[in-house]
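Have a look at the structure below before the remarks.
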Amino acid sequence: MATPLLQVEHLEKSYGDVHILHDIDLTIDTGSVTVLLGPSGSGKSTLIRCLNGLEDFQSGQLVFSGQPVVPSPKVWQQLRQKIGMVFQSYDLFPNLTVLDNILLGPLKVQHRAKAEATAQAIKLLKEVGLAEYQDAYPRQLSGGQKQRIAIVRALALNPEFMLFDEVTASLDPEMVRGVLEVLRNLAQQKMTMLVVTHEMNFAREIADQVVFLENGRILEQTPGQQFFTNPQTERAQIFLNSMDF
Amino acid sequence: MAHSGINVLFAGQNFSRLLGGLWISAKISIVALVIGILLGVLLGALRTVKNPLLRTILRLYLEFFRIVPTVVLLFLFYYILPKNFNVNLNAQAVAMLVFALWVAAEMSDIVRGALISVPQHQKEAGLAIGLNGPQLYRYVLLPQAVGLMIPATINLMTRVIKTTSLLLLISVMDVVNIGQQIIEANRQQYPDGAFWIYGLIFILYFLLCYPLSAWARRLEQRQNNNA
């Protein structure tokens with residue numbers, strides 16, 4: 001059996017006395033799409049942020065590509081080139097043009113040749129339909145455009161694993177589709193992805209596996225279709241019923 | 001009109017001496033500002049790092065230069081350095097040193113304030129593409145903080161220029177010191193020389209500081225419009 005891309009083992013996280021994540025065990029196979037569902041406040045964002053070192057955790061272990069992760073700023077800085085992350089609020093750098101936003105990582109972190117990195121950036125921009133905006137500044141773009149650029153910025157590092165933290169949650173409905181389309185294409189290209197979303201129809205369509213989180217515990221980790229048609233726990237059933245889709 | 005007081009300005013070398021004094025004031029200000037601002041940016045960035053010891057030391061540094069009056073600082077460095085540390089600097093060098101350290105302290109607070117007002121999300125977005133600490137400051141945080149710190153920095157510049165008028169106390173031949181010498185030397189011939197000399201000094205300082213303060217006001221307005 002192939003080594004999973006990421007294994008999370010007995011991860012525990014608390015802020016002071018408040019226990020956020022309890023004994024998280026999670027396996028993510030290469031080329032699979034995992035959708036992380038759960039009510040707000042269940043710890044989805046905290047979990048996804050633990051996976052690229054934006055949050056530390058008290059105990060437990062991450063194993064990436066068979067290598068245990070020994071958390072330190074240096075290790076995370078290296079690993080983040082392989083684990084891309086896209087945020088709800090896009091967070092493009094307002095002081096840089098679209099192209100410079102995308103090239104910052106490839107040029108300054110990975111020290112790649114400018115011509116090669118630029119060619120790749122422009123190719124990625126074309127794929128998301130925004131090639132003509134390479135010299136624009138983020139303030140000139142709509143939310144949906146910014147989010148697609150933010151995805152390109154993460155992809156430009158050639159990551160092996162992508163984290164999406166509610167990337168459509170602050171978008172107008174008509175902007176959501178374009179961003180989901182980008183995610184769908186990535187899934188078809190067999191990018192390994194972990195997606196936190198409230199777009200249930202999209203989740204159902206794209207998920208190879210669903211992880212259902214509540215109060216910081218994983219209640220279910222099941223294949224995608226099974227979760228939607230035949231959830232194992234009552235909590236998941238209630239959650240599905242409460243979502244309007 | 002043969003004895004009109006205004007002629008004191010143009011008698012002999014008076015006018016060029018005053019301009020020479022103004023140049024000394026400007027030179028000390030410029031050197032102190034360049035060194036102080038560069039050092040202040042570094043110290044300000046360090047003050048946002050999560051190291052309690054470093055932060056405390058830099059905080060103490062800031063408070064020392066902010067609390068102790070500039071005159072006292074000048075005296076401390078002017079008299080104590082040669083006597084207790086055997087470092088003999090001329091008065092101008094002492095002035096540049098004290099002013100640079102003072103500017104660095106004030107600047108560190110301006111830079112720190114601007115840096116912590118850059119949204120936390122920007123920092124995380126930078127980390128997420130693999131930037132290390134210095135790169136994060138260089139490419140993401142500082143460029144965004146610059147706009148926020150420019151008005152306060154220009155105000156600091158005008159304060160430094162004005163404060164050079166204290167330098168006569170450690171015998172720097174600045175514009176005020178030279179003005180006083182001219183007044184003394186011409187007391188017989190131009191009894192109201194003080195009016196004209198100080199009037200000219202007023203105008204010279206105004207010419208140096210007003211453009212800066214107008215520039216700061218414009219930038220501040222532009223920022224308010226953008227916000």
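Every chain is numbered from 1 and lettered A, B, ... according to where its sequence line falls, protein lines coming before strand lines.
- Shown here is A:R184, whose CZ atom has more than 12 heavy atoms of other residues, nucleotides or ligands within 6.0 Å.
- With a 6.0 Å radius and a threshold of 12 heavy atoms from other residues, nucleotides or ligands, A:W76 has its CH2 atom above the threshold.
- With respect to chain B, the highest number of heavy-atom pairs below 4.5 Å among A:L54, A:D100, A:L79 belongs to A:L54.
- Across B:Q144 and A:N95, no two heavy atoms sit closer than the pair NE2-OD1, 3.4 Å.
- Counting heavy atoms from C-beta on, the side chains of A:R49 and B:E124 come closer than 4.5 Å.
- Minimum interatomic distance between B:Q122 and A:P94 (heavy atoms only, all atoms of both residues): OE1-CD, 3.5 Å.
- Between the side chain of A:N52 and the backbone N or O of B:L127 there is no donor-acceptor pair closer than 3.5 Å.
- Within 6.0 Å of CZ on B:F202 lie no more than 12 heavy atoms contributed by other residues, nucleotides or ligands.
- If you take CD on A:Q81 and CG on B:L131, they are separated by 9.5 Å, rounding to the nearest 0.5 Å.
- The side-chain contact (heavy atoms from CB on, under 4.5 Å) test with B:I129 singles out one residue from A:L104, A:I102, A:N101, and that residue is A:L104.
- Looking at heavy atoms from C-beta onward, B:H121 lies out of side-chain contact with A:F87 at the 4.5 angstrom threshold.
- Using a 4.5 Å cut-off between heavy atoms, A:L92 contacts chain B through its backbone alone, with no side-chain atom that close.
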